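Only one structure is covered here, and it is reproduced in the block below.
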Amino acid sequence: DGGSFRFAIWTEDPPTLDPYLNVSFRSQEFAAFFYSRLLMSKKGPGIAAQAYILEGDLAESWKFSEDGKTVTFKLRPDAKWQNKAPLNGRPVTAQDVTWSFERLMKVSPQKSAFDQVADVSAPDVQTVQFRLKDTYVPFEAAMAAPIFWIMPREVIEADGDATKRVIGSGPFIFDKFDPGISFTGKKNPNYYRKGEPHV
């Protein structure tokens, strides 16, 4: 719960710190320390390595419509961006999710993973709805994959992408990246998953 955890993770640098711009696992693994998704795979003692049991990350709950073509996500009310300018710890909203998804569909080489999505909307600040073109069983697995991260609109609109400043709502707060050497972060004291990050 305290101290430092040091480990070797890659033999090369991530090609970009913006996880939407490259399909490399190095960018995806980097993103997982600092950004959030709507869903994630459950992990911990008693969970098999490849079990892929899904649980909410930013989503507190999610539900399919009767026809299976609309998925409604309710965001955790206590989810906040990390306390760094220009986000300054403000709440994560449904509008952040819809903006992130629209950006992913414009710039990501992995956008075809979400071809089945007809549109995404935010009926209120804590509700996100994905309307699908047809029923699609792997939709939840796609949402939990390390592809669709909720990104900081204010940073990206100012900088053009997320390569210069890393500010998310995930378990760690980005500190620095020394190419060819390391990247470092600190525990997010306001992380919405209570008791985490826990190594």
Side-chain angles (χ1 to χ4, degrees), residues 1 3-59 76 79-82 84 87 92 96-97 100-101 103-114 138-153 155-156 159-193 195-199:
D1 284 321
S4 298
F5 178 52
R6 299 178 61 183
F7 63 107
I9 187 168
W10 309 307
T11 54
E12 296 177 30
D13 291 338
T16 174
L17 301 186
D18 186 334
Y20 282 11
L21 302 183
N22 192 282
V23 301
S24 170
F25 73 92
R26 295 177 181 96
S27 292
Q28 294 166 346
E29 287 181 349
F30 175 87
F33 287 91
F34 309 109
Y35 297 112
S36 302
R37 302 170 261 194
L38 287 175
L39 304 178
M40 62 196 289
S41 60
K42 202 169 191 174
K43 53 199 119 1
I47 306 292
Q50 303 299 323
Y52 217 65
I53 300 164
L54 300 183
E55 64 178 345
D57 187 0
L58 275 177
R76 295 176 189 263
K80 293 180 176 165
W81 291 97
Q82 293 157 1
K84 291 175 79 172
L87 291 109
V92 178
D96 292 320
V97 177
S100 294
F101 187 78
R103 177 176 182 258
L104 176 127
M105 296 305 284
K106 284 180 193 164
V107 304
S108 174
Q110 292 181 295
K111 64 185 175 184
S112 63
F114 300 99
F139 178 72
E140 290 169 292
M143 295 303 283
I147 300 172
F148 176 41
W149 304 98
I150 312 309
M151 304 296 289
R153 179 177 189 164
V155 168
I156 291 168
D159 297 355
D161 57 31
T163 59
K164 300 173 193 75
R165 293 185 285 171
V166 177
I167 305 171
S169 55
F172 293 91
I173 297 172
F174 179 76
D175 184 23
K176 65 179 177 173
F177 173 55
D178 292 322
I181 301 170
S182 67
F183 70 87
T184 61
K186 295 176 180 156
K187 183 174 182 172
N188 180 359
N190 301 313
Y191 190 43
Y192 49 85
R193 292 173 58 92
E196 297 182 23
H198 177 83
V199 178

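Side chains are part of it too, since the values below use all heavy atoms of this structure and drop only hydrogens, waters and symmetry mates. Here the structure is a predicted model, which is why all the values come from computation and not from measurement. Index from 1, following the sequence.
- The list of side chain to side chain donor-acceptor pair (under 3.5 Å) pairs with a residue in residues 139-153, not counting sequence neighbours, reads W62-E140, R153-E157.
- The CG atom of L39 sits 9.5 Å away from the CD atom of E55 when rounded to the nearest 0.5 Å.
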Side-chain atoms of residues 41-54: list all donor-acceptor pairs with protein atoms under 3.5 Å, sequence neighbours left out, distances to 0.1 Å.
residue : atom : partner : partner atom : Å
K43     : NZ   : S41     : O            : 2.8
Y52     : OH   : A141    : O            : 3.4

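- Contact annotation: the side chain of F177 approaches that of P14 to within less than 4.5 Å [non-hydrogen atoms, C-beta and beyond].
- In this structure a side-chain-to-backbone donor-acceptor pair under 3.5 Å is missing from R165 to I156.
- Between the side chains of D57 and Y35, no donor-acceptor pair of N or O atoms lies under 3.5 Å.
- Within the structure, side chain to side chain donor-acceptor pair (under 3.5 Å) contacts touching residues 176-188 (residues at least two apart or in different chains) are D175-T184.
- Aromatic ring centres of F114 and F101 lie closer together than 6.0 Å.
- With sequence neighbours left out, F172 forms a side chain to side chain contact (heavy atoms under 4.5 Å, CB included) with F33, F34, P197.
- We find the OG1-CG distance between T163 and N22 to be 12.5 Å, quoted to the nearest 0.5 Å.
- When only modelled atom types and interatomic distance are considered, S169 and S36 share a side-chain donor-acceptor pair under 3.5 Å.
- Relative ring orientation between F30 and F174 is described as perpendicular, the plane-to-plane angle rising above 60° on a 0-90° scale split at 30° and 60°.
- In this structure, I173 CD1 and Q82 CD are separated by 5.0 Å, a value rounded to the nearest 0.5 Å.
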Using atom types as modelled, flag every donor-acceptor pair under 3.5 Å from a side chain in residues 104-112 to any protein atom, sequence neighbours excluded.
residue : atom : partner : partner atom : Å
S108    : OG   : Q110    : N            : 2.9
Q110    : OE1  : Q28     : NE2          : 3.4

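- Residue pairs that meet the salt bridge (Lys or Arg N to Asp or Glu O under 4.0 Å) test with at least one member in residues 11-27, sequence neighbours left out, are D18-R103.
- Expressed to the nearest 0.5 Å, how far CG of L21 lies from CG of L17 amounts to 10.0 Å.
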